[in-house]
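Handing you this structure, nothing more for now.
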Amino acid sequence: MNIRIPRGTQDILPGKVEQWQYIEEKARDLCRRYNYKEIRTPVFEQTELFQRGVGDTTDIVQKEMYTFEDRGGRSLTLRPEGTASVARSYVENKMHGEAQQPTKLFYIGPMFRYERPQSGRMRQFVQFGVEAIGSADPAVDAEVIALAMDYYSELGLKGLKLVINSLGDKESRDAHRQALIDHFQPRINEFCSDCQERLEKNPLRILDCKKDADHELMKTAPSILDYLNEESSAYFEKVKFLLDQMGVSYEVDPALVRGLDYYNNTAFEIMIEGKGFGAITTLSGGGRYNGLVEELGGPESPGIGFALSLERLLMALEAQEINLEIKESIDCYLVAMGEKAKDKAAVLLYELRKEGLTADKDYIDRKPKGQFKSADRLKARYTAILGENELEAEKINVKHMETGEQKEIALSDFITYMKENMEESI
RNA sequence: GCGGUUGUGGCGAAGUGGUUAACGCACCGGAUUGUGGUUCCGGCACACAUGGGUUCGAUUCCCAUCAAUCGCCCCA
């Protein structure tokens, strides 16, 4: 083997893929109830979409994008996240003109970021995300947050922590930003080099810094919540009120900053506590992006959404030893002896499958004992035995694997018999 | 981009500067001329990541590379 899987990617093999199918189906089912429709956009877009949508100064755009030139000289990028694409599609397909607003969409698909892989961080990973575009009602914020929390809790995850914050509207943010700069500027040389850079780029991030967490200026730093203007403040209050009413508990963290430029007002993250995660604690993140659609050339269309990583979800489920209900048995395994019986078995298999049963047989000339072993391994509920004797008598032996009970029935009744048996046992 | 750890058959895992590199699991066969488990017996397998160096001799020591993994930064 000299050709290997690219760094930061994975093969999802049988045995594991069922878990993926399960959680994806759960996501679709949940979205159906919340009335969000699935959207599928391409995995690559014009590079400019992300530069403008996600923001030129973000880490994602500056150092994590899979960007390439196609044969026509166009710069394309493997999508690092889903919101920009959905917003682009919203504009391009003129969804703002549809009668029903907000437009409520969800997606499940691979995203790509060029990073050093580690636990819970892959170069290709799968996000389940939701976007509601076309309404600035705080009830939509609450709905989206509730949807995300519901998803986890319905899968049985414990120890979740919802953290919310308001980044305010543009006016509030600008005022706060200036306050932060004024606060740190005089003594910025006492901070780490990262923070010194952050002062200009994104002073909010200084508050996130672990190295300088104990610095006295950190404790006295101006909070965004004190700089929210009346409108933003009322908005945030309403979101919190609705969450309270719905019984969704949360924690307000004024230091919660999201990494993408397009966020304003509501921002939230869902974290998980406990072991099995290494450094990763964020399961999901989202927020409101009222200017994004306009930035991409559409009409003013406020939106909100979140995205969560299915890899991290599966890690969390595993860490908490939560078993998903996955059917791994097959209905019937055919054991055949002798060439004629094998031929007949092939035909019977075809008929069983046409009737909706999951069925299989041996294809590598194993002896009966080996065939039974296969049946056992495949967790067959029934085994049907067909040999020269049975064939001659036009019978077939059907064995219930769990009880060991075996019954001889007419070959002509076999399919019907199996079908009825399955229906009964469901 | 930076740092730690690791790299032996399909998987797990010993071990050694020197004739055929343990063992366990899995798999296959036999004991049981056509019935899954257990047990016993036998068998299978392109295994020392790659490239250099030291040495009479390297899987073992040294260096580099590659890969995996974990962490920093940042995030999902």
Side-chain angles (χ1 to χ4, degrees), chain A residues 1-10 13 54 57-64 79-83 108-129 148 192-195 197-198 201-202 205 208-211 256-260 268-272 277-287 305-316 333-338 341 362 364-391 397-406:
Chain A
M1 278 292 275
N2 36 24
I3 297 180
R4 278 188 285 202
I5 193 168
R7 165 169 261 186
T9 65
Q10 61 178 334
L13 307 177
V54 177
T57 64
T58 60
D59 275 14
I60 289 181
V61 171
Q62 286 196 331
K63 53 183 206 191
E64 294 173 2
R79 61 181 182 192
E81 57 102 49
T83 303
I108 298 173
M111 305 296 161
F112 307 84
R113 291 185 202 173
Y114 190 90
E115 291 184 281
R116 287 287 291 271
Q118 60 178 281
S119 178
R121 176 179 297 154
M122 302 288 281
R123 287 185 174 182
Q124 175 175 335
F125 58 102
V126 178
Q127 280 189 340
F128 159 42
C192 70
S193 57
D194 284 340
C195 282
E197 273 178 45
R198 288 173 181 136
K201 237 171 74 181
N202 192 347
R205 287 219 165 279
D208 257 355
C209 185
K210 286 156 197 158
K211 287 180 207 154
L256 173 67
V257 190
R258 311 248 52 252
L260 314 181
F268 69 99
E269 254 178 44
I270 298 171
M271 333 264 277
I272 187 155
F277 280 81
I280 305 296
T281 53
T282 302
L283 286 185
S284 173
F306 76 82
L308 63 86
S309 150
L310 294 189
E311 282 81 1
R312 289 184 187 180
L313 169 59
L314 286 172
M315 284 174 69
Y333 190 88
L334 289 182
V335 171
M337 287 147 284
D362 165 78
I364 54 172
D365 256 327
R366 262 203 265 254
K367 309 206 161 160
K369 182 182 172 137
Q371 296 188 40
F372 272 94
K373 266 188 115 164
S374 285
D376 202 43
R377 259 201 297 269
L378 294 171
K379 298 190 170 63
R381 297 168 64 195
Y382 289 90
T383 300
I385 304 106
L386 190 65
E388 307 283 339
N389 306 340
E390 287 88 347
L391 209 53
N397 275 299
V398 178
K399 179 173 182 175
H400 188 272
M401 294 300 272
E402 205 170 308
T403 62
E405 200 178 321
Q406 191 164 313

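Atom set for the values below is all heavy atoms of this structure, side chains included, hydrogens, waters and symmetry mates excluded. All values derive from a computational prediction rather than experimental measurement. Throughout, protein chains are lettered first and strands after them, A, B, ... in sequence-line order, and every chain is numbered starting at 1.
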Who are the side chain to side chain contact (heavy atoms under 4.5 Å, CB included) partners of A384(A), not counting sequence neighbours? C332(A), L334(A), I396(A), F414(A)

What is the distance from CD of Q10(A) to C1' of U69(B), rounded to the nearest Å? 14 Å

Does C28(B) have OP1 or OP2 under 4.0 Å away from a side-chain N or O of R366(A)? yes

Of all residues at least two apart in sequence or in a different chain, which pass the salt bridge (charged side-chain N to carboxylate O under 4.0 Å, His left out) check with K373(A)? none

Look at the side-chain N and O atoms of T282(A) and state whether any lies under 4.0 Å from the OP1 or OP2 oxygen of A76(B). no

Nucleotides 33-45 of chain B: protein proximity per nucleotide (B base, S sugar-phosphate only, - neither; heavy atom, under 4.0 Å): -BBBS--------

Here's a test of your reading of the structure: between V257(A) and I364(A), which maps to the more 5' nucleotide of RNA chain B? I364(A)

Partner set under salt bridge (charged side-chain N to carboxylate O under 4.0 Å, His left out) for E311(A), not counting sequence neighbours: none

What residues form a side-chain hydrogen bond (donor to acceptor under 3.5 Å, both in side chains) with R113(A), not counting sequence neighbours? none

Below 4.5 Å, heavy atoms only, C-beta onward: do M337(A) and I385(A) meet side chain to side chain? yes

For T58(A), side-chain hydrogen bond (donor to acceptor under 3.5 Å, both in side chains) partners two or more places apart: none

Could you list the residues that satisfy side-chain hydrogen bond (donor to acceptor under 3.5 Å, both in side chains) with D362(A), not counting sequence neighbours? none

For G9(B) versus A22(B), give the span between their C1' atoms, rounded off to a whole number of Å. 13 Å

Once salt bridge (charged side-chain N to carboxylate O under 4.0 Å, His left out) is applied, do any residues pair with K367(A), and if so which ones, sequence neighbours excluded? none

Could you list the residues that satisfy salt bridge (charged side-chain N to carboxylate O under 4.0 Å, His left out) with E64(A), not counting sequence neighbours? none

Once each nucleotide of nucleotides 3-12 of chain B is scored for protein heavy atoms under 4.0 Å, what B/S/- sequence comes out, 5' to 3'? B---------

On RNA chain B, check which nucleotide each of I5(A) and I270(A) is closest to and give me the residue with the more 5' one. I5(A)

Taking only residues two or more places apart in sequence or in another chain, which ones pass side chain to side chain contact (heavy atoms under 4.5 Å, CB included) with R7(A)? R116(A), P117(A), R123(A)

For a stem of at least 3 consecutive Watson-Crick or G-U pairs with distances under 3.5 Å, i pairing with j, i+1 with j-1 and so on, which stems involve RNA chain B? B:1-7 with B:66-72, B:10-12 with B:23-25, B:27-31 with B:39-43, B:49-53 with B:61-65

Using a 3.5 Å distance criterion without hydrogens, assess whether the side chain of R312(A) forms a donor-acceptor pair with backbone atoms of G120(A). yes

Output yes when at least one side-chain N/O atom of Q127(A) is less than 4.0 Å from OP1 or OP2 of A76(B), else no. no

